[in-house]
Protein chains: 2
Amino acid sequence: MPTKIKLAICQLKVVSTKDENLAKAEEMITKAAQARAKYIILPEMFNCPYSTDYLNSYAENIPGGKTYQFLAQQAKEHSIYLIGGSIPEAVSTEVGEKCYNTSLVFAPNGEELGRHRKVHLFDVDLEDGPTHLESAKFAAGDQVTVVKTEDLQLGLAICYDIRFPEFMRLMVDQGAEVIILPAAFNTTTGPAHWQLLLQSRAVDNQVFTVGASPARNEGADYEVYGHSMVVDPWARILAEAGSEEELLICEIDLTKVKDIRRQLPLLKHRRSDLYQINTP
Amino acid sequence: MPTKIKLAICQLKVVSTKDENLAKAEEMITKAAQARAKYIILPEMFNCPYSTDYLNSYAENIPGGKTYQFLAQQAKEHSIYLIGGSIPEAVSTEVGEKCYNTSLVFAPNGEELGRHRKVHLFDVDLEDGPTHLESAKFAAGDQVTVVKTEDLQLGLAICYDIRFPEFMRLMVDQGAEVIILPAAFNTTTGPAHWQLLLQSRAVDNQVFTVGASPARNEGADYEVYGHSMVVDPWARILAEAGSEEELLICEIDLTKVKDIRRQLPLLKHRRSDLYQINTP
C-alpha cells in the first residue's frame, strides 16, 4: 500500500451560475488529474454562491441531482477519489424547505463512498465582520463521517465543524488519519483563526488536516478568505494557497501519522479514567 | 468588580540551588507587586532544576514545606494572588518515593486557595529532541482544578496538560475564564507548538490563556524554551517574553470573555446531543 499520496485542492472562485461553477471545477479537476493527484478536493458550496438568495434554487436532491451526477462522472472519468466540497442538498423540514450543507465523496469507479452533512451551523454576529444565521436556511446533520478508501481513512467535516474539538476527536477515534475540511472562512475569522484551527486539530489528533476554501470573492455579501492549506501531524504547513483562484497540489506521507504518534503518544496519554467523549 | 486585571509572569532562570531560586522569585515578585500586578505567576518547577537528579532531595511536603511557606508569606506580604508555578511534592506510592508536580495558589491574605497536581505525565521519545519519562519519577494527579478569586475563576493546569482539549473543556465547563499554565516546553516542542496550543485553547474555549515558562537554561539536560505568553479569547497575543529571564506584565480585560462568547457562541453551539465529555 503506497504511503505517499498526492492531493489537490481546487480553490476555485465561485460565481453565480451553477453551470459555470461546474465547468470551472471540471477544468481544475482535469488539471489536477493530469498532475497525477489521486485525491481531488473541492471547496465548500463550490456550485453555489454562499448567500441565502441562491440556496433554494440551487439545492439538489441527493442522490440524483445534476452536481451529484457531475461528481460521480468526474471521479470515474479520471479514476480519482473526489471529495466534492459541499453543495446545498434539498430537504423538507417541519418548518418548510431547508437545505443540508452536504459533502460527497466518490471513488475512482464513480460510486459514492460517503457523505457528510454539516453538523454545526454558523450563527454569529461579529463586531468587525458579518452577521450570519445559517440555521434560518440550513438543517444540521447529525453524523460523524469517516470514509475508508483503499489507502487511508478520511475524516470529513465542513467549515464551522472544525471549531469543536470533541467532534474532531470522534472522527479520530473512528480511525481518521487525514481530516478533509471544505470550508469558507470569511475575511474576519480567516486571518484570525483558519491556520490556527487547522494546525491545532492536526497536532492534537496527530493527523493531516486539509482545508479547502473557495477563492476570494471581493465585493460579495460574504467575502471568503481563501488560503486553502495542508498541515501535517506536527503542525507543519506543507502547502498553502493565496486568496486567488489556484490549484494547490501537495504530497503527504501517511507514515508520519504513525511516526508522530510513536514519538509523542498523545492519544494514549489521554486520561480516560478522568474524561471520555461519549455519544449519547 | 474590576474587569481589568494586571498579571505578571516571572520568567526566572532556574538554577541548581533551591534557596537561590526562592531568592530570585522573591526579587521578581517584589518588582511585579511594585508595578501593581495583582496576579503574579511563577513557572513550572521554579524551585528545582527539571532533572530527575534533583527531584527527591528538593521535594517538599504540602502543606508545610519551605517553598509552601515562602509562597504563603509572599502572597500576604504583597497582598497579591500568587500562582506558585509548580514544585515537586513528596508522596509515597506503592512503588516507592515519587513526586507530584504541584501548583499552589495563594490569596492576598496568605491562605492557600487551591492546588493542582499535573494530571498528564510527559513520556516521550522525540526524534529531534529529548527522551523524557516523567512517569518513572512522578505520580499523576486526578483532579480538574478551578480556583475562585474575588475577581474571576482561574483554571489551573501544568505543561503537558494543555495538550488534552477534553481536560481544558472540563475547566471551562466549571467556570474558568482564565487558564493559567505553568510549563516548561523544550526547545523542540516549544517552537513547534507552544504558541499554537495557548492560542488554540484560548480560541476554542473563549478564555484567556497564560503560559508561564522558566527562562532558557542553555546546556542543561532539558533545555527550556521560555517565551511566556498571554493570549486573549480571540487568539491575540497580548504579551510575550523572549527566551531570557524577564518579568512580563500584562493587563487583561475580562469583559472580552463575555463579549467574544456573545459574538461567536461556540460553547452554546456544541452539539451535546451528539457528544458530551463525561467524567466517569
Side-chain angles (χ1 to χ4, degrees), chain A residues 119-129 131-132 134-135 140-144 160-170 188-189 191-193 195-197 199-205 234-236 259-260 262-280, chain B residues 119-129 131-132 134-135 140-144 160-170 188-189 191-193 195-197 199-205 234-236 259-260 262-280:
Chain A
V119 162
H120 301 86
L121 300 182
F122 189 54
D123 287 347
V124 303
D125 177 16
L126 298 173
E127 209 160 78
D128 305 314
T131 294
H132 210 76
E134 282 192 344
S135 61
D142 58 6
Q143 298 291 326
V144 174
Y160 195 48
D161 287 338
I162 199 179
R163 290 217 182 243
F164 300 87
E166 299 90 339
F167 190 67
M168 298 289 119
R169 273 291 208 239
L170 292 176
T188 303
T189 58
H193 301 152
Q195 175 181 323
L196 174 65
L197 288 166
Q199 287 185 301
S200 156
R201 301 308 174 235
V203 162
D204 288 347
N205 297 300
W234 194 249
R236 293 180 200 96
D259 189 42
I260 298 283
R262 181 188 56 72
Q263 291 184 53
L264 180 65
L266 281 182
L267 298 172
K268 282 187 194 158
H269 286 167
R270 285 179 288 181
R271 291 288 304 270
S272 59
D273 58 324
L274 299 185
Y275 50 78
Q276 289 173 12
I277 300 179
N278 294 331
T279 48
Chain B
V119 162
H120 301 85
L121 299 182
F122 189 54
D123 287 347
V124 304
D125 177 18
L126 297 174
E127 209 159 77
D128 305 314
T131 294
H132 209 76
E134 281 193 345
S135 61
D142 58 6
Q143 297 291 326
V144 174
Y160 196 46
D161 287 337
I162 198 179
R163 291 218 183 242
F164 301 87
E166 298 89 340
F167 190 67
M168 298 290 119
R169 274 289 208 239
L170 291 176
T188 304
T189 58
H193 300 152
Q195 175 181 321
L196 174 64
L197 288 165
Q199 287 185 301
S200 156
R201 301 307 174 234
V203 162
D204 288 347
N205 297 300
W234 194 248
R236 292 180 200 97
D259 189 40
I260 298 284
R262 181 188 55 72
Q263 290 184 54
L264 180 65
L266 281 182
L267 298 171
K268 283 189 196 158
H269 285 167
R270 285 180 288 181
R271 291 286 305 270
S272 59
D273 58 325
L274 299 184
Y275 50 78
Q276 288 173 12
I277 301 180
N278 293 331
T279 50

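These numbers come from a predicted model, not from an experiment. The sequence lines fix the lettering, A, B, ..., with proteins before strands; numbering per chain opens at 1.
- When A:D204, A:D259, A:D273 are compared by the number of non-hydrogen pairs under 4.5 Å with chain B, A:D204 comes out ahead.
- Legend: residues meeting side-chain contact (heavy atoms from CB on, under 4.5 Å) with A:S135, ordered by chain and number and at least two apart, are A:L121, A:D123, A:L133.
- Among A:T279, A:V119, A:L170, A:V144, the residue making the largest number of heavy-atom pairs under 4.5 Å with chain B is A:V119.
- Heavy-atom pairs under 4.5 Å with chain B were tallied for A:H193, A:Q143, A:R163; the largest tally goes to A:H193.
- Among B:R201, B:Q195, B:K268, the residue with the largest count of heavy-atom pairs under 4.5 Å with chain A is B:R201.
- Of all non-hydrogen atoms in B:Y275 and A:P280, the two that sit nearest each other are N-CD, 3.8 Å.
- Heavy atoms only, all atoms of each residue included: A:L264 and B:F122 are closest at CD1-CE1, 4.0 Å.
- One distance of note links CG of A:D161 with NE2 of B:H269; it measures 12.5 Å at 0.5 Å rounding.
- For chain B, no part of A:R236 is nearby; none of its heavy atoms comes within less than 4.5 Å.
- The main-chain N or O of B:F167 is never found under 3.5 Å from a side-chain atom of A:R271 such that the two would form a donor-acceptor pair.
- Taken from CD in B:E166 to CZ in A:R169, the straight-line distance is 4.0 Å, to the nearest 0.5 Å.
- Of all non-hydrogen atoms in A:W234 and B:T188, the two that sit nearest each other are CZ2-CG2, 4.3 Å.
- Chain B forms the most heavy-atom pairs under 4.5 Å with one residue out of A:T131, A:V124, A:L196, and that residue is A:L196.
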